[in-house]
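Chain letters run A, B, ... following the sequence lines, proteins first and then strands; every chain starts at 1.
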Number of protein chains: 2
Amino acid sequence: MPIDMMIRKVRLHTGLTEEDTAALRSIVSSVRDLGAGTSIIQEGEISSHCCVMLSGFSYRAKVSDGGKRQILSFHIAGDMPDLHGMFLKRMDHDLTTLTQARVGFIDHRALRQVISLRPAVAEALWRETLIDAVLFREWIVSLGTRPAAARMAYLVAELRQRLAAIDMVAEDQFRFPVTQAKLAEALGLSAVHVNRVLQSFRAQGILDIHDSVVTLRDIEKIVEIGGFNELNLQPLESA
Amino acid sequence: MPIDMMIRKVRLHTGLTEEDTAALRSIVSSVRDLGAGTSIIQEGEISSHCCVMLSGFSYRAKVSDGGKRQILSFHIAGDMPDLHGMFLKRMDHDLTTLTQARVGFIDHRALRQVISLRPAVAEALWRETLIDAVLFREWIVSLGTRPAAARMAYLVAELRQRLAAIDMVAEDQFRFPVTQAKLAEALGLSAVHVNRVLQSFRAQGILDIHDSVVTLRDIEKIVEIGGFNELNLQPLESA
DNA sequence: CGATATATTGACAGGAGTCAAAGAGGGTGG
DNA sequence: CCACCCTCTTTGACTCCTGTCAATATATCG
């Protein structure tokens, strides 16, 4: 029952009834397995449906003038990374799979209907988009105020927390198939410098990223270096 | 008719009826004039109401570990910078007036009621929060990929566009009472460096910030340097 | 007219970028 | 089974953008 991945997360933050979740589940019109690096939507497109990550990773990215690409966020099972496409005319960024991923698609029209009939669902989804914004804000703080190592640590700490919520963290390890080049694009650093930071972390026994796996050697330190405050994710809880 | 400032903007992006806007207007429970530097809400607070900027400027900010403060966004008349407080338990950032400002307050309960009765209003407000996220994403791109001068130029170009939409730009000048220190906090730079960038812009006849006024000496260049794409704000139009 | 906030300068340090080359894996095809 | 290619990682040298520190204007204001 992979689709329940979506439900699981939405439920985390709200009090959806069984019927509500069933309604959501019922409008997932198709589920596809996409290979790594598949584009789900691109900047400028107008889409008629949105998607739910059921497994795997994806990321949002945007190219700025000069050709540099900025990764805006990583997405995991349960996320609906293009939900906003329902209300904004054009996508303002790309959405691409990072790994092979199972993705469910929901037609905007069907979703609109569920929303109009079920205020609780509307609220839950609205809240999802607001949580998205909370993460963006943290990201802005990271890019604006933290040095390279701290950004790296913060990213790892945040991912760990989000992945833990869907039981994807085991033994202080989690799968995260990202290249150093992509980390660089996410952190606003050069790939070379990402490599150096990573090596320093390895040398200090703080963390390691190897073969698509992140190993947390010293969580306390990661959290400290990254200035990660779990409380920052408290506002995510329902009002 | 200051409250219509709110309506004007919300209408920009949607097709609210006259009754819808009237409903919104009717629940503004109080309007207050706040002095510059007044805190509207602070991180961690749980609020029972949200606000609409009717005049003046405000900004969202967040302090990261190490005491550095990051300004997340500036807000102008028509904005509802803490709308998300209705659905997220705690504020994840501060909201402070930059200048003297007239602010309208709306009770969450009243707003919830209007929302539940008027789907169009719900959609319009949801969209407002999504537009917020669009701006955050652009901001992330700026911080992650652009050098100091470009960030500065981008900020000016974005503000210009937003202010123009509410007729607050005249003769290539607009009021924006910000100190270099605050610009630094917004741009993720040191105040000293902001000063240097500004001087270089002055010397090149590109733009000038003086006595709370931004003067655009060469808009084309500002847009070019900042990598500002007006199309980026196209997605803001209704779907 | 001091007192406090903001803007400006200069000297210096340092984090991060760039460039370029060399390893390391992992497939693939002969 | 090995050569070859491609992507990703690692290194080293050097540059440079931006930060830090500290001192000096300028402004503003009671």
Show me the protein contacts with nucleotides 27-30 of chain D, counting only N or O atoms at under 3.5 Å.
none

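- Residues that satisfy the side chain to side chain contact (heavy atoms under 4.5 Å, CB included) test with B:Ser39, not counting sequence neighbours, are B:Gln42.
- Rounding to whole angstrom units, CD of residue B:Gln199 and P of C:dT8 are separated by 5 Å.
- Atom NZ in A:Lys182 sits roughly 6 Å away from atom P in D:dC8 (whole-Å rounding).
- Contacts of A:Thr179 with the nucleic acid, taken as non-hydrogen atoms under 4.0 Å apart, involve only primed sugar atoms and P, OP1 or OP2.
- Minimum atom distance to the side chain of A:Ala148 is reached by C:dA16, of the listed C:dA16, D:dG19, C:dT18.
- Summarising the geometry, the separation between CD1 on A:Ile209 and C1' on D:dT9 is reported as 13 Å, rounded to the nearest angstrom.
- For B:Arg202 and C:dT8, the shortest distance from a side-chain N or O to OP1 or OP2 is below 4.0 Å.
- In terms of position on DNA chain C, the residue among A:Pro147 and B:Ala191 whose nearest nucleotide sits closer to the 5' end is B:Ala191.
- One can place CD of B:Gln180 at 13 Å from P of D:dG19, the figure rounded to the nearest angstrom.
- Sorted by first and then second residue, the side-chain hydrogen bond (donor to acceptor under 3.5 Å, both in side chains) pairs with a member in residues 66-75 of chain A read A:Tyr59-A:Arg69, A:Arg60-A:Ser73, A:Arg60-A:His75, A:Arg69-A:Glu185, A:Ser73-A:His75, A:His75-A:Asp79; sequence neighbours excluded.
- Dashed line: the shortest gap from a side-chain N or O of B:Asn195 to OP1 or OP2 of C:dT8 is under 4.0 Å.
- A donor-acceptor pair under 3.5 Å is formed between the side chain of B:His108 and the backbone N or O of B:His49.
- B:Arg160 CZ: 12 or fewer foreign heavy atoms inside a 6.0 Å radius.
- Atoms CG (B:Leu198) and C1' (C:dT9) sit 15 Å apart, rounded to a whole Å.
- Residues that satisfy the side chain to side chain contact (heavy atoms under 4.5 Å, CB included) test with B:Thr179, not counting sequence neighbours, are B:Ala181, B:Lys182.
- Atom CG in B:Leu143 sits roughly 16 Å away from atom C1' in C:dA16 (whole-Å rounding).
- Comparing the axis of the opening five pairs of the helix from C:dC1-D:dG30 to C:dG30-D:dC1 with that of the closing five pairs yields an angle of 30°, rounded to 10°.
- Residues passing the ring-ring contact (aromatic ring centres under 6.0 Å, His included) test with B:Phe136: none are found, sequence neighbours excluded.
- The salt bridge (Lys or Arg N to Asp or Glu O under 4.0 Å) check on A:Asp33 picks up A:Arg102, with sequence neighbours excluded.
- Of the possible donor and acceptor atoms, none in the side chain of B:Ser58 sits under 3.5 Å from a partner among the backbone N and O of B:Leu98.
- Under the ring pair (Phe, Tyr, Trp, His ring centres under 6.0 Å) criterion, no residue pair touches residues 28-47 of chain A, with sequence neighbours excluded.
- At a cut-off of 3.5 angstrom, the base of D:dG19 holds at least one donor-acceptor pair with the side chain of B:Arg196.
- Computed from coordinates, the A:His210 NE2 to C:dG25 C1' distance equals 12 Å when rounded to whole Å.
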Contacts table for residues 211-218 of chain A: side-chain donor-acceptor under 3.5 angstrom, sequence neighbours left out:
from	atom 1	to	atom 2	distance (Å)
A:Thr215	OG1	A:Gln173	NE2	2.9
A:Asp218	OD1	A:Glu220	N	3.4
A:Asp218	OD1	A:Lys221	N	3.2

Below 3.5 Å, can you tabulate the donor-acceptor pairs from side chains in residues 186-204 of chain A to any protein atom, sequence neighbours excluded?
from	atom 1	to	atom 2	distance (Å)
A:Ser190	OG	A:His193	N	3.2
A:Asn195	OD1	A:Gln199	NE2	2.2
A:Asn195	ND2	A:Gln180	OE1	2.9
A:Ser200	OG	A:Gln204	NE2	2.8
A:Arg202	NE	A:Asp208	OD1	2.7
A:Gln204	NE2	A:Ser200	O	3.2

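- D:dC16 atom P lies 14 Å from atom NE2 of B:His193, rounded to whole Å.
- Residues meeting the salt bridge (Lys or Arg N to Asp or Glu O under 4.0 Å) test with A:Arg137, sequence neighbours left out: B:Asp92.
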Dump every N/O contact between nucleotides 20-23 of chain C and the protein below 3.5 Å, one line per pair.
none

